[in-house]
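Note sheet for the following structure.
Start at 1 and go down the list; that is how both ligands and their atoms are numbered.
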Amino acid sequence: MLERISQIVDEAKAAVGAATTSAELEELRIKWLGRKAELPNILRGVKDLDPSERGPAGKAANQARVELEGAIDTKMASFAGAELELRLVEDAVDITLPAHPQQFPGGLHLLTQTMREIEDVFLGLGYGIAEGPEVELVAYNFDALNHAPHHPARSPSDTFYVGDSVLLRTHTSPVQVRTMLVTPPPLYVIAPGRVYRRDDDATHTPQFHQIEGLAVDEGISLADLKGTLLAFAKAIFGDEREIRLRPHFFPFTEPSVEVDVSCFACNEGVSNGERCGLCKGTAWIEILGAGMVDPNVFASVAGEQPAYDPEKVQGFAFGLGIERIAMLKHSVPDLRLLYDNDIRFLEQFA
Ligand code: PHE
């Protein structure tokens, strides 16, 4: 009996040693230790043996069972370790490789960047930021800004009306009025935002963006306007820039000017021996409209804010188109590129 038990252990261990998969091991476990196997049978029969044989046989059979279970478990564990090792090697991902195709991670739109860049310039000059609604009152968009009753911009063929006295603002200038109505002078603010006009071609979209500027204080002159806009032009277009003021007309400024910046793409209108395409050979590029606040505009808010007494305070205002600045600065040839949302265009500026 004892001899048979040690034979079983030898045979079974040899089989376990030769096994190459965990499935094979499970089969061996059933073959040698399962309900119908010889060794468990011996164990079950121990109680029927002669009392003198019971002790040694029971002990040997039990030891054999423990030994076999241990051998199978150890081998099983070595398989599990090796299989895990193999999976880790086969499934390895090199996270340092570039993704294919490489994805555009996103970024601020050129208009947003330009708007923030301009805001930063004026924040640096001590200006605050003001806001107003895009759906605006005719009273603020035109009346308080000194537009004559039959000014052409009031026409429904130029302007989107929401009702008789409500429209989509055609410029950011009504924010001048709104801000003065709630803030006494001195006032130094810019007002960025969307504006709307019935225009749609290569250089006009029905919706575009402006930044308004307004400074009101005692003793403000056109020289302050010019100095401020020169600082702006240098910050945005480069330190060598000059500006010039040309006479113009706006209903809400007097005098009014159009402001040009010296061309940054050529020398005196000539580039590579040819007429410069950007400034059309003039050496100057128009960038914005401006002027001294018309006393009639102060008068329109003085009822609410008496400190805007045209006899006591002066001011200047300016308004610029953000699309125009962005296009000039980055040589964007067509306004509509800014709104097509073509990723190949957008990612150049991200
Ligand atoms: N609101 C004017 C426009 O849209 C620009 C402007 C603003 C001119 C402020 C003078 C002063 O054309």
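Here the protein heavy atom with the shortest distance to atom 2 (C) of ligand 1 is Phe252 CZ, 3.8 Å. When only non-hydrogen protein atoms are considered, atom 5 (C) of ligand 1 lies nearest to Gly319 CA, 4.0 Å.
Counting non-hydrogen atoms of neighbouring residues, nucleotides and ligands closer than 6.0 angstrom, the CD atom of Glu131 reaches no more than 12 such neighbours. Annotation: Asp164, atom CG; neighbour count of heavy atoms from other residues, nucleotides and ligands within 6.0 Å does not exceed 12. Within a 6.0 Å sphere centred on CG of Asp50, heavy atoms belonging to other residues, nucleotides or ligands number more than 12.
Every atom of ligand 1 is numbered from 1 in the order shown, and the set under 4.0 Å from a heavy atom of Gln210 is 3 (C), 4 (O). Below 4.0 Å from some heavy atom of Gly289 lie the following atoms of ligand 1, by number and element: 6 (C), 8 (C), 10 (C). Residue-ligand proximity, Phe318 to ligand 1, at heavy-atom distances under 4.0 Å covers atoms 7 (C), 9 (C), 11 (C). For ligand 1 and Arg197, the ligand atoms under 4.0 Å from any heavy atom of the residue are 3 (C), 4 (O), 12 (O).
In the candidate list Gly213, Gly321, Ala290, Ala290 is nearest to atom 10 (C) of ligand 1, counting heavy atoms.
Considering backbone and side-chain N/O atoms, Ser173 comes within less than 3.5 Å of an N/O atom of ligand 1. For ligand 1, none of its N or O atoms has an N or O atom of Gln176 under 3.5 Å away. When only interatomic distances are considered, the shortest N/O to N/O separation between His171 and ligand 1 falls below 3.5 Å.
Glu24 and Thr20 share a donor-acceptor pair across their side chains, judged by distance under 3.5 Å alone.
A salt bridge between Asp199 and Arg197 is absent, with no side-chain N of the basic residue lying under 4.0 Å from a carboxylate O of the acidic one. Ion pair Arg65/Glu69 flagged as a salt bridge, since at least one NZ, NE, NH1 or NH2 atom sits closer than 4.0 Å to an Asp/Glu carboxylate oxygen.
Applying the side chain to side chain contact (heavy atoms under 4.5 Å, CB included) test between Leu187 and each of Val313, Asp217, Val216 identifies Val216 as the sole match.
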